[in-house]
**Q** 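Before anything else, here's the structure in question.
Computation of the quantities below employed the complete heavy-atom set of this structure, encompassing side-chain atoms and omitting hydrogens, waters and symmetry-equivalent molecules. Each chain gets a letter, A, B and so on, in the order its sequence line appears, and its residues count up from 1.
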Protein chains: 4
Amino acid sequence: MGTEERQLTARGEERRRQIIEVATRLFAERGYHPTSVADVVDAVGVGKGVFYWYFPSKEALLAEILREGQKGRRRHQRDAIADVDDPVEQMERGIRSGMEWMAAHREVMTLIRFAATEERFAPGIRKGEAVAARDAAEPLARAIAEGRVPEADPDLLARAVVGVTQHLSATLIHADPSADPTPVIDAAVRFCIGGILAAPATATD
Amino acid sequence: MGTEERQLTARGEERRRQIIEVATRLFAERGYHPTSVADVVDAVGVGKGVFYWYFPSKEALLAEILREGQKGRRRHQRDAIADVDDPVEQMERGIRSGMEWMAAHREVMTLIRFAATEERFAPGIRKGEAVAARDAAEPLARAIAEGRVPEADPDLLARAVVGVTQHLSATLIHADPSADPTPVIDAAVRFCIGGILAAPATATD
Amino acid sequence: MGTEERQLTARGEERRRQIIEVATRLFAERGYHPTSVADVVDAVGVGKGVFYWYFPSKEALLAEILREGQKGRRRHQRDAIADVDDPVEQMERGIRSGMEWMAAHREVMTLIRFAATEERFAPGIRKGEAVAARDAAEPLARAIAEGRVPEADPDLLARAVVGVTQHLSATLIHADPSADPTPVIDAAVRFCIGGILAAPATATD
Amino acid sequence: MGTEERQLTARGEERRRQIIEVATRLFAERGYHPTSVADVVDAVGVGKGVFYWYFPSKEALLAEILREGQKGRRRHQRDAIADVDDPVEQMERGIRSGMEWMAAHREVMTLIRFAATEERFAPGIRKGEAVAARDAAEPLARAIAEGRVPEADPDLLARAVVGVTQHLSATLIHADPSADPTPVIDAAVRFCIGGILAAPATATD
DNA sequence: TATGAATGAGGATTCATTCAT
DNA sequence: TATGAATGAATCCTCATTCAT
């Protein structure tokens, strides 16, 4: 009976969640590798075996955290633009909601950024990023088709936006979690929309 | 006699450099933690003692790689704008040269991004980033003062630029090192300049 | 209440038997130590508690399998010679029936051979072997007394027979369970009878 | 640098041998699985890492012991019949020398018998046994061709001989290592030669 | 009877670092 | 300078067994 298909009771489900939360915090604080399984179970206050009752390996736990994180971020962003039609407003809302999510989940974001640098986890991250870029590229493509945004590669623009939002989150917002992130988010939106609307270089010549 | 102040012969200097290069590659490929000192010395083809002759610890080696990397990037960027006066052109040249450097040093960039996620190395990275942001903020501040760029926090704009360039490097340029990075760099420049020039939100109201 | 004296219902008896059979198979296939109690209960499709309801420990389960196996083999052999008086024919029938039993219980035989090599279980195996040797030695002693077999140590001859039959079972018959074991058994009988009837060394001088 | 191709110094070679010897003893005494690597290195009086300097794994160490053992037994047997031409005398000498080797290496023999019962090691053992059977079958085939031994499958006869010698070694000789094994060996030779010379069943009819 | 959950000692293995030569 | 060898703490993981329900 593998760990995967195990049917958990309510109590079990709670334990599992607890481990995920504690591990997310510790991994983000001390790093994935420097944090041992023993650290995690000690922090949870259970025996070592419990970990392996719920997860097949430390690696699988991180993979799950990453998967959940990327899924959560995507859902949050989708919900934020669900009731909007205008593609430019969708873009703005997407940027804003993405940053809000990151501000609220800075630990998961740290792990995602870590995972992107380690070949064992990078493929999963890249896939999630590709999905996110596709999500963001859709309104962009529409806006371009409508002539409201200059012709450009929507995937590239989407990735540029991700770069801005992720980096500002990581360096400015996460640096002081108690501060109000709104000004940074506003600035990020402005910057991104400006970047997207930038007339293509050729047009300037 | 500590490792730090050791006076190396020419041959020693070469060995040291060789270790740094091999380690940079291995750390970037497999991850810092998953790569053992044994892996490094085996790849270099020397005994373990050699490693500890040149570096006091594995951690110190990574720290050195990071330091060198950040220094190199800064120098490259400075050189690129040395003979330019116009702040807007400085910004553009800075963006461009920064991305060129990243394209040519993707292994070091991977390590920098990793190091930013691990508390042991993060302070050094943050310091380097702050310096980079200050460097970039200087022409920005000048441009703002000259009225050529709308009023905004130069540090924030600089960081947004770093986010764009770093992310596009990591996801688009590094993904296919054999492809010509110029189009991506051009688009990044356009995006960033557009973002910088974006009229402040207040102006839109 | 110890596990030993537990009074089992018919269903309980069946469960117990099922565990023994599954465990015998798994132990023989993967080895006793590499097979975990979890493997056994998973294969049976029950929870872990069930195991410890029927057996006090994994070790006790193996001991029981071994005891049952040795008892079964002995009974089978005894039944086979019950209605024969001639000691030489008894010997032949004993060899034949012993090999038949081994062919039909190769998993148990694997466990017996394993147990003989591990000090925790070896004493039990040795005792069983001594009994088997005594069983076989009895007709031998009679045949020697009757002058139909040259003077020799009956216990040693009995053990030689066990060696032949067990090894041929393990290497030739178990190697291809679908093949007809009769030719091998015939040859074993011939070899053993020949060995038993061999004139003592002294006679050759 | 894998453990395999490591070039050892004289001191290293000695260490390696020491580990093999201590492990052989402990594995045979307590069983392979119940003996931990820690037990081995403690008995040798070295740190835990030493083990993995010389062997890639506990399993590899056992495999090596088995390989060496089978090679040693074969060499011993070959040497014993090197200067003999007569196939019947070769058979006798082979049986005798095989048992002498087993008497002198009862620990290795215990491990071989254990390994034959565990699927991870069994293939190697079976291969070794096939070789041994082929070795023994050669003089047998010759004797049959010369009409000095009745027609029979030489491989089967060879395996019967192995069964006799191995079992008598394990149960009678190893039981009391201080006793003189000669009488048992003599009896084994007599039994085996008798078995080999036994007229085929068909001839009796 | 039965199960899911928990325990925690123990096991194999790794690895940064040191040391004798 | 350089190497092979050694160290031993630390790591991930397993597993026999127990327990609450």
Side-chain angles (χ1 to χ4, degrees), chain A residues 1 6-16 33-41 44-59 61, chain B residues 6 8-9 11-12 15 33-41 45-61, chain C residues 6 8-9 11-12 15 33-41 45-61, chain D residues 1 6-12 14-16 33-41 44-61:
Chain A
M1 181 173 49
R6 187 131 48 211
Q7 202 50 43
L8 296 174
T9 64
R11 186 168 157 236
E13 204 60 72
E14 201 181 342
R15 248 300 124 82
R16 196 182 137 85
H33 289 293
T35 303
S36 70
V37 172
D39 290 337
V40 175
V41 296
V44 175
V46 294
K48 214 172 290 190
V50 168
F51 185 95
Y52 292 94
W53 179 258
Y54 293 103
F55 302 95
S57 69
K58 186 188 169 188
E59 187 174 338
L61 167 58
Chain B
R6 184 128 51 215
L8 297 173
T9 65
R11 183 160 155 253
R15 256 287 135 86
H33 289 293
T35 303
S36 69
V37 172
D39 290 336
V40 174
V41 297
V46 295
K48 241 180 248 185
V50 170
F51 184 94
Y52 287 93
W53 177 257
Y54 291 105
F55 302 95
S57 70
K58 185 187 172 190
E59 188 174 338
L61 167 58
Chain C
R6 185 125 54 212
L8 297 174
T9 65
R11 184 161 153 253
R15 255 289 134 85
H33 289 293
T35 302
S36 69
V37 173
D39 290 336
V40 174
V41 297
V46 295
K48 244 181 241 179
V50 170
F51 184 94
Y52 288 93
W53 179 258
Y54 292 106
F55 302 94
S57 70
K58 186 188 171 190
E59 188 174 339
L61 167 58
Chain D
M1 182 173 46
R6 186 132 46 214
Q7 202 49 41
L8 297 174
T9 63
R11 185 166 158 238
E14 200 182 342
R15 247 301 124 80
R16 196 183 138 86
H33 289 293
T35 302
S36 69
V37 172
D39 290 336
V40 174
V41 296
V44 175
V46 294
K48 214 172 292 189
V50 168
F51 185 94
Y52 292 93
W53 180 259
Y54 293 102
F55 302 95
S57 69
K58 186 187 169 189
E59 187 173 338
L61 167 57

**Q** Short question: side chain of C:K58, backbone of C:T35 - any donor-acceptor pair under 3.5 Å?
**A** yes

**Q** Looking at D:S36, I'd like to know whether one of its side-chain N or O atoms comes within less than 4.0 Å of OP1 or OP2 on E:dG10.
**A** no

**Q** Under 4.0 Å from OP1 or OP2 of E:dT1: is there any side-chain N or O of C:R15 that close?
**A**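 Result: no.
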
**Q** Taking a pair as Watson-Crick or G-U wobble with both distances under 3.5 Å, which nucleotide is matched to F:dA10?
**A** E:dT13

**Q** Would one find a side-chain N or O of C:W53 under 4.0 angstrom from OP1 or OP2 of E:dT1?
**A** no

**Q** Nearest whole Å is fine: how far is E:dA6 C1' from A:R16 CZ?
**A** 17 Å

**Q** Give me the distances for all protein-to-nucleotides 17-21 of chain E N/O pairs that come in under 3.5 Å?
**A**
{"residue": "E:dT17", "atom": "OP2", "partner": "B:Y52", "partner atom": "OH", "Å": "3.0"}
{"residue": "E:dT17", "atom": "OP2", "partner": "B:K58", "partner atom": "N", "Å": "3.1"}
{"residue": "E:dT17", "atom": "O4", "partner": "B:K48", "partner atom": "NZ", "Å": "3.2"}

**Q** How do A:E13 and B:T35 order along DNA chain E: which one's closest nucleotide is nearer the 5' end?
**A**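 First, find each residue's nearest nucleotide; the 5'-ward one identifies A:E13.
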
**Q** When you measure from the side chain of D:V46, which nucleotide among F:dT7, E:dA6, F:dT3 comes out closest?
**A** F:dT7

**Q** Tell me: CG of C:L61 to P of F:dA16, nearest whole Å?
**A**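 So the two atoms are 11 Å apart, to the nearest Å.
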
**Q** Is the distance from OP1 or OP2 of E:dA2 to the nearest side-chain N or O of C:Y54 less than 4.0 Å?
**A** yes

**Q** Check whether any side-chain heavy atom of C:L61 lies under 4.5 Å from a side-chain heavy atom of C:Y54, and answer yes or no.
**A**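 Sidechains of C:Y54 and C:L61: no contact.
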
**Q** Using heavy atoms to find the nearest nucleotide of DNA chain F for B:G45 and D:V50 separately, return the residue whose nucleotide is more 5′.
**A**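 Nearer the 5' end of the strand: B:G45.
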
**Q** Check whether any side-chain heavy atom of C:R15 sits under 4.5 Å from a side-chain heavy atom of C:V46, and report yes or no.
**A** yes

**Q** Is the closest side-chain heavy-atom distance between D:V44 and D:F51 below 4.5 Å?
**A**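 No - every pair of side-chain heavy atoms lies 4.5 Å or more apart.
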
**Q** Please report the distance separating the P of E:dT1 from the corresponding atom of F:dT21, rounded so that it comes out in whole Å.
**A**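 Taking atom P in both E:dT1 and F:dT21, they lie 23 Å apart.
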
**Q** Looking at D:A60 and D:P56, what are the two nearest heavy atoms and their distance?
**A**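 Closest approach of D:A60 to D:P56, heavy atoms only: CB-CG, 3.6 Å.
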
**Q** Report yes if some heavy atom in the side chain of D:R16 is under 4.5 Å from a heavy atom in the side chain of D:F55; otherwise report no.
**A** yes

**Q** Could you identify the nucleotide paired to F:dT3, looking across every strand shown and requiring Watson-Crick or G-U wobble geometry with both distances under 3.5 Å?
**A**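 The base-pairing partner of F:dT3, which may sit in any strand shown, is E:dA20.
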
